[in-house]
Amino acid sequence: MYNGKTSKLQLKKNVVCRVCEGQGGKAGSMQPCRVCGGRGLKIQYRQIGPGMVQHMQSVCTDCNGEGEIVNERDRCKVCKGKKVVSESKLLEVHVDKGMHEGEKIFFRGEGDQTPGGEAADVIIILQQKPHELFHREGNDLFMKHTVSITEALCGFNLVIKHLDDREIVINHPAGNVIEPGCIKGVVGEGMPTYRNPFEKGNLYIKFDVQFPPNHFTTEDKLLELEKLLPEKPAFEMPVGDNVEEVDLHDNDMSTGGHHGGAHRFEAYDSDDDNHYHRGPPGVQCAHQ
């Protein structure tokens with residue numbers, strides 16, 4: 001759907017017999033089916049209770065629902081009296097750049113034929129396979145990428161292999177901080193527009209920031225790092241008899257406390273995450 005494609009599709013269809021011209025046999029040999037009375041359907045009645053009768057109908061097996069039948073000696077040797085024969089056809093299906101899920105490609109008159117009737121159409125309905133990296137909405141593409149805290153603060157270079165095998169190098173300068181949940185956009189690197197492939201949507205990237213593990217460096221170096229970072233909020237210890245100091249621990253709901261709290265946080269984060277693609281166009285950052 002990004003690059004366009006031509007696929008070959010082989011199908012079998014019924015075509016009017018050319019030998020008997022859809023008559024099923026010699027001229028005038030076709031007679032109404034005696035079993036169904038020319039209706040093509042068998043009607044049966046079954047009593048299901050006192051004064052209650054069930055009406056049932058089914059396709060007549062003698063005439064295959066045609067309502068007509070021909071004696072075996074007069075039948076066409078090619079179609080065996082069926083008026084149609086099976087034929088294989090190779091169709092070339094052209095998928096244009098930018099086509100969407102559920103789009104229909106029509107082949108007029110390439111379906112089954114019936115004697116005296118109009119040939120049916122063949123309709124191809126496109127189904128879009130999931131992609132391991134990109135998610136599509138309209139003409140825009142969305143993806144997720146995780147950067148380290150160093151990259152988030154000091155800049156980075158990101159190489160993305162696009163759907164046409166191009167390698168796009170994205171440069172993010174130092175000082176432009178990437179925050180968790182931040183969305184940035186690359187203009188013109190989305191899907192091509194159907195019937196106007198030179199116009200493309202945008203590519204949006206949602207960033208997650210991976211923090212280092214606990215105690216990743218010494219206390220001395222952490223003090224040096226603290227001097228480079230923005231100042232911490234000033235802290236003043238409260239005084240009085242009602243002051244109590246407590247420690248902050250990793251969350252583990254299995255050891256007690258309010259069970260289900262973690263699930264509530266996960267549900268909250270999940271709901272927030274579902275809207276990451278709602279960010280504004282361009283290259284602005286949307287915070288969650």
Q) Does Q128 offer a backbone N or O that forms a donor-acceptor pair with the side chain of E101 under 3.5 Å? A) yes
Q: Kindly determine whether T61 and K42 satisfy side chain to side chain contact (heavy atoms under 4.5 Å, CB included), including the steps that lead there.
A: CA-CA 9 Å; T61 55; K42 284 183 178 180; 3.5 Å; yes
Q.
Could you tell me if R136 and H131 have a donor-acceptor pair between their side chains, going purely by distance under 3.5 Å?
A. no
Q: State yes or no: do V147 and M143 share one hydrophobic cluster built from I, L, V, M, F, W and Y residues joined by side-chain heavy-atom distances below 4.5 Å, directly or via other members?
A: yes
Q. Is L133 close to I160 at the side-chain level, that is, under 4.5 Å between some pair of heavy atoms?
A. yes
Q: Quick one: do F134 and L203 satisfy side chain to side chain contact (heavy atoms under 4.5 Å, CB included)? Show the steps, please.
A: CA-CA 9 Å; F134 299 111; L203 169 63; 3.9 Å; yes
Q: Please work out whether the ring planes of F207 and H145 are parallel, tilted or perpendicular, with thresholds of 30° and 60°.
A: perpendicular
Q) If only atom types and distance count, is the side chain of N157 paired as donor or acceptor with the main-chain N or O of N171 below 3.5 Å? A) no
Q. Is D208 reaching over with its side chain to a backbone N or O of P180, donor-acceptor style, under 3.5 angstrom?
A. no
Q.
Please identify which of these residues, Q113, E87, E110, meets the side-chain hydrogen bond (donor to acceptor under 3.5 Å, both in side chains) condition with K13.
A. E110
(Q) Whether the side chain of D112 engages the backbone of N14 through a donor-acceptor N/O pair (distance < 3.5 Å, no angle test) should be reported. (A) yes
Q: Locate the shortest heavy-atom distance separating V84 from C79; write the atom from each residue and the value.
A: O-CB, 3.6 Å
Q.
Around atom NZ of K200, are there more than 12 heavy atoms from other residues, nucleotides or ligands closer than 6.0 Å?
A. yes
Q: Starting at CD of E189, measure out to CD1 of I205 and round the result to the nearest 0.5 Å.
A: 10.0 Å
**Q.** Heavy-atom pair of closest approach, residues A119 and G109
**A.** CB-O, 3.7 Å
**Q.** Side chains of L163 and M1 in contact at under 4.5 Å (non-hydrogen atoms)
**A.** no
Q. Taking everything shown except F198 itself, do over 12 heavy atoms lie less than 6.0 Å from its CZ?
A. no
Q) Distance-only, no hydrogens or angles: does the K80 side chain make a donor-acceptor pair with backbone N or O of K77 under 3.5 Å? A) yes
**Q.** Rounded distance [0.5 Å steps], CD in E219 versus OG1 in T217
**A.** 10.5 Å
Q) Do the side chains of V85 and V19 join up, straight or via other hydrophobic residues, at under 4.5 Å, putting them in one cluster? A) yes
Q) Less than 4.5 Å apart, any side-chain heavy atom of F216 and any of L222? A) yes
Q) Taking side chain as C-beta onward, heavy atoms only, is F107 less than 4.5 Å from V93? A) yes
Q. With no hydrogens and no angle check, is any side-chain donor or acceptor of D121 less than 3.5 Å from a backbone partner on I123?
A. no
Q) With side chains defined as the heavy atoms from C-beta onward, is the minimum distance between H172 and K184 less than 4.5 Å? A) yes
(Q) If you compare all heavy atoms of P197 against all heavy atoms of K97, which two are closest, and at what distance to 0.1 Å? (A) CB-CD, 4.0 Å
Q: Check whether any side-chain heavy atom of M237 sits under 4.5 Å from a side-chain heavy atom of V243, and report yes or no.
A: yes
Q: Specify the closest pair of heavy atoms between G188 and N202, including all atoms of both residues, with the distance to one decimal.
A: N-OD1, 3.0 Å
Q. Can you find a pair of side-chain heavy atoms, one from E103 and one from D96, that are under 4.5 Å apart?
A. no
Q: Salt-bridge test for E92 and K8: reply yes if a basic N is under 4.0 Å from a carboxylate O, no otherwise.
A: yes
